[in-house]
Amino acid sequence: MGERTCRFLNTPEPAKGERVNYETRRGKLRERLRKEGLDAFLVINVEGSDRPNLRYLTGFTGTFGILILGEEIVFATDSRYTERAGREVAGLPIEEVKGRWIGWLADRLSSLGLKRVGIGTQTTSLYLYRELERQARGVELVPVDGWVETLRRVKDPEEVEQIAAAAELTDEGLRWILGRLRPGMTEREVALELEMWYRKSGADDVAFDLIIAFGEGSSMPHYVPGERELSEGDLVLFDVGAKVDGYCADLTRVVALGRPAPEARAIYELVLAANRAGIEAVQAGISGVDADRAARAVIEDAGHGERFGHGLGHGVGLEVHEGPRLSPTSEDTLESGMVVTVEPGVYLPGKFGVRIEDLVVVRPDGCEILSSFPKDELLVL
Ligand code: ZN
Ligand code: ZN
């Protein structure tokens with residue numbers, strides 16, 4: 001280290017970190033380190049490779065940052081971000097990496113005298129792991145699974161508020177775009193207009209590539225909007241989400257342009273019943289398997305079990321897809337404070353698909369629905 005390290009003192013009370021207690025989050029990880037006999041845990045975000053975890057633990061939003069979390073905590077970034085880090089990273093001195101960062105990190109680990117250092121398996125490339133192992137002599141890298149990701153599953157009240165704000169904006173954008181739908185518009189046009197609306201209305205970004213599917217395209221759950229033009233009689237599927245202050249929302253609704261076929265109405269009613277059964281089932285203590293089962297049973301009983309290929313839902317937070325999972329193979333149990341989607345669907349290839357997706361907060365005796373866009377009947381435009 002030596003010459004390659006500069007230290008900056010950050011501003012004492014960064015506005016962004018005021019309401020979130022990053023120290024509490026880091027404290028939980030330190031407890032885990034002690035339990036597992038590790039000296040430190042590494043969070044490495046290179047070109048955005050682990051932005052969510054680093055943001056969760058420090059408030060830093062840039063694309064290059066390193067956190068060495070041991071008894072001593074080191075936060076480092078490079079000159080592109082030192083000023084920003086000074087504003088965002090609450091309560092930690094900022095070090096500036098100069099030169100090759102893997103070499104810097106290797107040196108810093110040994111200067112701190114760290115012997116056993118945990119590194120996340122989901123967020124570390126094999127290349128980085130091998131290079132670090134080669135360069136950081138005397139340091140044992142210990143692969144660990146999902147430590148920060150597990151913490152992130154249960155949201156703080158502040159996080160729930162942020163997700164609720166993203167959900168509200170998401171709903172509002174859908175209302176806006178529905179007022180602009182006209183025959184002849186393409187899926188891509190609709191997706192682009194809605195994305196622009198979200199960004200103009202306060203979103204940092206969209207939470208994922210918006211899915212707008214007309215007619216037969218809606219039978220593909222992860223459809224990519226194309227040049228298909230909207231025409232009378234089409235079902236239109238919107239799977240959309242805004243990202244606000246780093247937090248995502250996720251909402252799916254299906255509407256009809258002009259009178260829908262009776263089959264479309266019937267499938268809509270079925271999926272709605274499954275969505276309601278899923279929401280009814282969600283509460284602290286239920287397994288991801290059982291929550292999924294509650295909704296899936298409704299679709300299976302109607303003879304469409306084969307047409308519901310994906311899981312019932314997923315956690316949402318700094319990432320649009322995170323833990324826990326609600327699916328037939330889930331190993332998770334829901335806990336109060338988790339934010340998850342409930343999104344059953346029935347897809348009839350070549351014809352159409354219907355999915356109804358709500359965002360909910362798990363509570364001890366049920367759940368609180370964050371999505372407010374109406375769903376009680378198939379909306380006909
Ligand atoms: Zn979705
Ligand atoms: Zn989803």
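Start at 1 and go down the list; that is how both ligands and their atoms are numbered.
- Ring geometry for Trp101 against Phe64 counts as perpendicular: the plane angle is over 60°, on a 0 to 90° scale with 30° as the lower cut.
- Near-neighbour remark for the Zn ion (ligand 2): protein N, O or S atoms under 2.8 Å are Asp250 OD2, His314 NE2, Glu343 OE2, Glu357 OE2; waters not counted.
- A salt bridge links Asp376 with Arg276; the closest basic N to acidic carboxylate O contact falls under 4.0 Å.
- Between Tyr81 and Phe60, the ring planes are perpendicular. Angles over 60° get that label, and only those under 30° would be called parallel.
- Centroid-to-centroid, the aromatic rings of Phe208 and His222 stay 6.0 Å apart or farther.
- Below 30°, between 30° and 60°, or above 60°: for Phe41 and Trp147 the angle between ring planes is below 30°, a parallel geometry.
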- Dump the intermediate steps for salt bridge (Lys or Arg N to Asp or Glu O under 4.0 Å) on Glu31 and Lys35, then the final yes or no. CA-CA 6 Å; Glu31 254 169 55; Lys35 241 188 256 165; 5.4 Å; no
